Structures are given as structure tokens and as C-alpha cells.
Visitor: 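Sharing a structure here in C-alpha cells format.
Within every chain, numbering begins at 1; the chains are lettered A, B, ... in the order of the sequence lines, protein sequences first and strands thereafter. Since the structure is predicted, the reported quantities are computational estimates derived from the model, not experimental observations.
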There are 2 protein chains.
Amino acid sequence: MPRAGLTTDRLVRAGAELADEVGFDQVTVSALARRFDVKVASLYSHLENSQDLKTRIALLALEELADRAADALAGRAGRDALAAFADVYRDYAREHPGRYAAARLRLDPETAAASAGVRHAQMMRAVLRGYDLTEPEQTHAVRLLGSVFHGYVSLELAGGFSHSAPDSQETWEWILDRLDALLRGRPAT
Amino acid sequence: MPRAGLTTDRLVRAGAELADEVGFDQVTVSALARRFDVKVASLYSHLENSQDLKTRIALLALEELADRAADALAGRAGRDALAAFADVYRDYAREHPGRYAAARLRLDPETAAASAGVRHAQMMRAVLRGYDLTEPEQTHAVRLLGSVFHGYVSLELAGGFSHSAPDSQETWEWILDRLDALLRGRPAT
DNA sequence: TGCCCTTTCCTAAAAATGTTAGGCAAGCCG
DNA sequence: CGGCTTGCCTAACATTTTTAGGAAAGGGCA
């Protein structure tokens, strides 16, 4: 019987695909084994356990998201940068809902510190450098933007804004406008 | 052997407590049976299945939350109402993290339509009546507030803002200030 | 080429959860 | 006080997670 060619990397990538297809909490070692047409126990040579799989998918998602954000931010500043950054989250979540959910997994402190989460924080600060904020306002702003982005994306993903007017895209642009105005201390147009 | 006196209601309430203690996704029919010192199968006379239990806990949480919000809003308007409403969410989530997580459970459309979720939406609109918004701006604002509240609370609950200055309460007040200013179309102070 | 050794994948088994079917008896109602 | 409903039980099976130990695939080396 030929070998299946399992590696941790392939398993994690397949796990991420599975998450996008059936939802992150439906990702299970058994389902993954089925996908590779292999017995469940075989995965345990490549993964510590079920939690390990989920953590690795989360780390993958954080990396992908950070890479996209870095691309999007290149050469942009101010409102442009804000919108580009925000869109990265929203688009990623819509393209990869399972991965996005994975990225929200609570990691233990050391894992988190070694993850791409750190880059996310740095990029958020970079975006805010385009506005004239001093500490502690910049931190407040980091938290506000994090809340809005995460909150909006997760409500949208949960179907909260579908089937009702105005459509979600319009609201999204309205919000980005107001946030931009808020950050520069001006009323919106 | 005396009977345990199980009812759907008692089970759901105990399930909600369990959720607050160990986390909503650790709520399991087995754990609930243990808590009543009863065999697992016995619960199936009172609950359809595991999903049913979770849905009922979610509905309970939505009710409680809506009741609190209604209390908080009585006699308030403008920034006061906004802050009171926002605080209800945040406080509830901190007192009852498991129930709050339950309240975020995705319900199927009919269940959602019959739930206290409807009251939440109405109250949000009521708060916004204190600001001078016309459609479609009011809808944009509903979505913005929903995003910020949910996003902030869920990041705070995940521990995102602990162990770093300034403390969360300060940021929360800053955010409410800016949102109030944003909604009335003025720059913040 | 042929042998060895590492690694990969397997079988087997145990524990936990979810779920269904059918049985006995508790305790209300007449 | 006897009957009937209903509450809780036993029994059984499926699924998932996890560990222990075995067999063979296939690369490295003579």
C-alpha cells in the first residue's frame, strides 16, 4: 500500500480548507483523516492532538492575514491605508470564513507572542501614524479599530446584514468615512 | 428512588450557569446530567438534543440582556442612553461570559425572529432617536454600534486589553465619547 | 543489487459524548 | 387504593479523541 504523504504542513493546510468549507468548529481529526483517506491514528505522528491542529490553523490564518495586510498597506497612508487595512480583514473573512474564525482562537500568551498577531498590532499602529494621535489616544484608537473591524466582520459573517437595505458595502464605506473623520478630529462630511 | 425534579426550565438555567463557569462550548448534555446527578439519557425527555439546549440558553441570555437594556434605557436619552445601553452589554458579558457567548449563537431565522433579538434592535433604534439621523444613516449607525459593542466586548473578554495601559475602562469611555460625537456630527472635545 | 533502519501508517483498545429504544416505578387523579 | 402518565433508568450503538504497539515502505549504504 503506497503512503499517503502526510506532513504537518499538508494537514494544516487541508484543515484550513476544511474549516472554510464546514466551519472551524467542525474541524476534527477524524474529518481530516477521512479527507486523506487514512486512519485517524495516523495523524498523531504529525499533530500533537486536536487542539494542536486548531492552533496551527489559527497561526496559518494569522500569517496569511498579516501578509495580505502588509501588501495592502504598502505605499498607502491616511484614509487610504485605513480603508485598505480594513478591507483586508473583511475580504479575508468573506473568502475564508473558517480561517477567519480560526484567527480568533484564543492562543496562550507565548504562542500569541510568537505569532503573526504581533505584526497585526504593528500594522495597526502604522495606519494610525497617519493621524495625529498621541498616547494614550493611539491605544484607544487601536482598540476602537480592532473592535469595529472584528465586530463588523463577525456580524456580517453571521448573516446579520444580509437581506436588509441598505446593503452591507454601503454601510461599510459609511463607517470607514466616519472613523477617518473621528480619528482626525473632524466632523464627517 | 426520589425523582430529581427536572424540567426544561431548570435544565436551561443550570446550563446557563454551567456556561458561565466553564465556557459556552464546554456546555454538554453529559456535564449537565452530572450536575443534576442523573443519567444522561434522562435529559432527553426535556431537551430535544444538545443543539436544542444551546439554543435555549441563547434565548435565555437574549431575554436577560434585553430586560437589562430596557431597564437601563428607561428615562434616558442622548449620550446618557448610549452609554447606559453600551454598559449593559459590557457588564453582562463580564458577569456572564458564558451566557454572552450563548447570545452570539447563530439562530435559524424563525427562531431569531421570535427571540428577544428583535427587542434589541428596537432599543438600539430608540437610542439613536436621540440623534438626528435619517435613513439610511440610522441603519448604518445601528450596524456601527452593534459592531463596536460586540467587537469591544468580545476582545475584552478574550483578554485583549488586560495587562496593558491604559486600562480598559478608560478606553471604553473614550470610545463612547467619540461615538456620541460622531453620531451628532461634531468633532470630539 | 540487496539489506537495514527509520519513519509512516496501521490495528486495537479505552474513554467521553450524543442519541435512541424500551422498561420500571413514582406519584397524581379519580 | 388501583390505574395511568410521565420521569428517570438500563442498554446499546455511533462518533470523536487519544495511546500503545506492530508491519511494511522506501531511502541509505555496502
Side-chain angles (χ1 to χ4, degrees), chain A residues 1-61 98-99 101-102 105-108 111, chain B residues 1-61 98-99 101-102 105-108 111:
Chain A
M1 201 179 286
R3 299 192 175 177
L6 304 182
T7 63
T8 302
D9 215 64
R10 284 189 65 196
L11 287 173
V12 172
R13 273 202 292 270
E17 281 169 33
L18 189 59
D20 287 334
E21 288 164 25
V22 304
F24 183 57
D25 25 59
Q26 305 304 316
V27 171
T28 169
V29 201
S30 306
L32 200 52
R34 252 175 262 130
R35 172 160 300 213
F36 281 93
D37 201 23
V38 138
K39 298 296 168 184
V40 190
S42 307
L43 303 198
Y44 280 80
S45 318
H46 307 277
L47 301 168
E48 298 259 334
N49 51 39
S50 182
Q51 186 54 48
D52 181 43
L53 170 63
K54 286 183 183 157
T55 301
R56 285 174 189 275
I57 295 174
L59 293 174
L60 172 66
R99 285 158 146 103
L105 186 66
R106 189 166 180 170
L107 303 173
D108 57 288
T111 310
Chain B
M1 202 176 288
R3 298 191 175 178
L6 304 182
T7 65
T8 302
D9 216 62
R10 284 189 66 197
L11 288 173
V12 172
R13 272 202 292 271
E17 281 169 33
L18 189 59
D20 287 335
E21 289 164 24
V22 304
F24 183 56
D25 26 60
Q26 305 303 315
V27 171
T28 166
V29 204
S30 307
L32 200 52
R34 264 190 299 270
R35 171 159 302 213
F36 281 93
D37 202 22
V38 139
K39 298 297 169 184
V40 189
S42 306
L43 303 197
Y44 282 80
S45 318
H46 307 277
L47 301 168
E48 299 259 335
N49 51 39
S50 182
Q51 186 54 47
D52 180 43
L53 170 62
K54 287 182 183 157
T55 301
R56 286 173 188 275
I57 295 174
L59 293 174
L60 172 66
R99 284 157 145 103
L105 185 67
R106 188 167 180 168
L107 303 173
D108 57 291
T111 311

Visitor: Assess the residue pair B/Glu48 and B/Thr55 against the criterion (side chain to side chain contact (heavy atoms under 4.5 Å, CB included)); give the C-alpha distance rounded to whole Å, side-chain angles, the decisive distance to 0.1 Å, and a yes or no.
Guide: CA-CA 11 Å; B/Glu48 299 259 335; B/Thr55 301; over 6 Å; no

Visitor: Based on the rotation axes of five pairs at each end, what angle does the helix from C/dT1-D/dA30 to C/dG30-D/dC1 bend through, to 10°?
Guide: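 End-to-end axis angle for the helix from C/dT1-D/dA30 to C/dG30-D/dC1: 10°, rounded to 10°.
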
Visitor: Considering only heavy atoms from C-beta outward, does the side chain of A/Arg56 approach that of A/Leu11 to under 4.5 Å?
Guide: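 A/Arg56 vs A/Leu11: side chains apart.
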
Visitor: Provide, to the nearest angstrom, the distance between the CG atom belonging to B/Leu47 and the P atom belonging to D/dC8.
Guide: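 About 12 Å, once rounded to whole Å.
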
Visitor: What is the distance, to the nearest angstrom, from the CG atom on A/Asn49 to the C1' atom on D/dT18?
Guide: 9 Å

Visitor: What residues from residues 23-46 of chain B pass a heavy-atom cutoff of under 4.0 Å to DNA chain C?
Guide: B/Thr28, B/Val29, B/Ser30, B/Arg34, B/Val40, B/Ala41, B/Tyr44

Visitor: Taking atom CD as the centre, does A/Glu21 end up with more than 12 heavy-atom neighbours from other residues, nucleotides or ligands that are less than 6.0 angstrom away?
Guide: yes

Visitor: Walk me through whether A/Leu105 and A/Phe24 qualify under side chain to side chain contact (heavy atoms under 4.5 Å, CB included).
Guide: CA-CA 10 Å; A/Leu105 186 66; A/Phe24 183 57; 4.2 Å; yes

Visitor: Hey, does B/Leu59 have a side-chain heavy atom less than 4.5 Å from the side chain of B/Leu107?
Guide: yes

Visitor: Can you check side chain to side chain contact (heavy atoms under 4.5 Å, CB included) on B/Leu6 and B/Leu43, steps first, answer last?
Guide: CA-CA 8 Å; B/Leu6 304 182; B/Leu43 303 197; 3.8 Å; yes

Visitor: Once you round it to whole Å, what is the distance between C1' of D/dC8 and CG of B/Leu11?
Guide: 12 Å

Visitor: So, for B/Gly5 and B/Arg10, which heavy atoms are closest and what is the spacing to 0.1 Å?
Guide: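 In terms of heavy atoms, the two residues are closest at O-NH1, 2.8 Å.
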
Visitor: For the CD1 atom of B/Ile57 and the CZ atom of B/Arg99, what is their distance to the nearest 0.5 Å?
Guide: 9.0 Å

